[in-house]
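Bear in mind the structure is a predicted one, so any value in this text is a computation, not a measurement.
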Amino acid sequence: MLFHTRLKELRQQQNLTLRKLGEKAGVSYSILNTIENGRIQPSNDVVIALTIALKIEDKEELLSLVRNASEG
C-alpha cells in the first residue's frame, strides 16, 4: 500500500478533514493535500506528527510505507 492511500484511509476513518488533521498535527493544509494526492513523500518528522495526531500506536507502519516508496 502507498503512504498517501493509507493516510487518507486513516483520516477518513476518524472523520477528519485535511484542515482538521493539519491543525492536530501542526502541518499546513497545502502540504497535507500534496502528500495525500501522492505528489510528495513526507519527512519522518511529518509522519510522526501525523501518527500522533491520528493516535496511531504503530508508527513504524507508516514510516515503512514512506521508506519503501523512497527506495523504489
K.L.:
Under a 4.5 Å cut-off applied to non-hydrogen side-chain atoms, are Lys59 and Val47 in contact?
P.N.:
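Lys59 does not reach Val47 side chain to side chain.
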K.L.:
Could you check if a side-chain atom of Leu7 sits within less than 4.5 angstrom of a side-chain atom of Leu65, using non-hydrogen atoms only?
P.N.:
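With C-beta onward as the side chain, the pair stays apart.
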K.L.:
So do the side chains of Arg11 and Leu32 get within less than 4.5 Å of each other, counting heavy atoms only?
P.N.:
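No, their side chains stay 4.5 Å or more apart.
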K.L.:
Just jot down the side-chain contact (heavy atoms from CB on, under 4.5 Å) partners of Ala25, sequence neighbours excluded, or say none.
P.N.:
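Counting only residues at least two positions away or on another chain, Ala25 forms a side-chain contact (heavy atoms from CB on, under 4.5 Å) with Val27, Ala49, Leu50, Ala53.
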K.L.:
Quick one: list whatever passes side chain to side chain donor-acceptor pair (under 3.5 Å) with Asp45, sequence neighbours left out.
P.N.:
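Side chain to side chain donor-acceptor pair (under 3.5 Å) list for Asp45, sorted by chain: empty.
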K.L.:
Quick one: CD on Glu61 to CG on Leu63, what's the gap to the nearest 0.5 Å?
P.N.:
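So the CD of Glu61 and the CG of Leu63 are separated by 10.0 Å.
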K.L.:
Report the distance from atom CG of Leu62 to atom CZ of Arg67, rounding to the nearest 0.5 Å.
P.N.:
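Reported value, rounded in 0.5 Å steps: 11.0 Å.
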K.L.:
Looking at Arg6, I want to see if its CZ is surrounded by more than 12 non-hydrogen atoms of other residues, nucleotides or ligands under 6.0 Å.
P.N.:
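Correct, the count exceeds 12.
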K.L.:
Say whether Val66 and Leu2 are linked into one hydrophobic cluster, either directly or through other cluster members, by side-chain heavy-atom distances under 4.5 angstrom.
P.N.:
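No, no single cluster joins them.
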K.L.:
Measure the spacing between CG of Asp58 and OG of Ser64 and express it to the nearest 0.5 Å.
P.N.:
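One gets 7.5 Å once the value is rounded to the nearest 0.5 Å.
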K.L.:
Quick check for you: to the nearest 0.5 Å, what is the distance between Ser28 atom OG and Glu23 atom CD?
P.N.:
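So the gap between those two atoms works out to 12.0 Å.
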K.L.:
Is Ile40 reachable from Leu10 through a run of hydrophobic residues whose side-chain heavy atoms are each under 4.5 Å from the next?
P.N.:
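Yes.
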K.L.:
Heavy-atom count check: over 12 atoms from other residues, nucleotides or ligands less than 6.0 Å from Glu57 CD?
P.N.:
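Check fails, neighbour count at 12 or below.
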K.L.:
Would you mind reporting whether Ile35 and Phe3 have side-chain heavy atoms less than 4.5 Å apart?
P.N.:
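Heavy-atom side-chain distance check passes, below 4.5 Å.
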K.L.:
Would a 4.5 Å heavy-atom cut-off, applied to side chains only, mark Asn33 and Arg39 as touching?
P.N.:
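A side-chain contact under 4.5 Å exists here.
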K.L.:
With a 4.5 Å cut-off on side-chain heavy atoms, are Gln14 and Lys20 touching?
P.N.:
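No, every pair of side-chain atoms sits at 4.5 Å or beyond.
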K.L.:
How many angstroms lie between atom CD of Gln12 and atom CG of Leu18, to the nearest 0.5 angstrom?
P.N.:
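Gln12 atom CD to Leu18 atom CG measures 9.0 Å (nearest 0.5 Å).
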K.L.:
Can you tell me how far apart CG (Asn68) and CD (Gln41) are? Round to the nearest 0.5 Å.
P.N.:
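Rounded to the nearest 0.5 Å, the CG-CD separation comes out at 10.0 Å.
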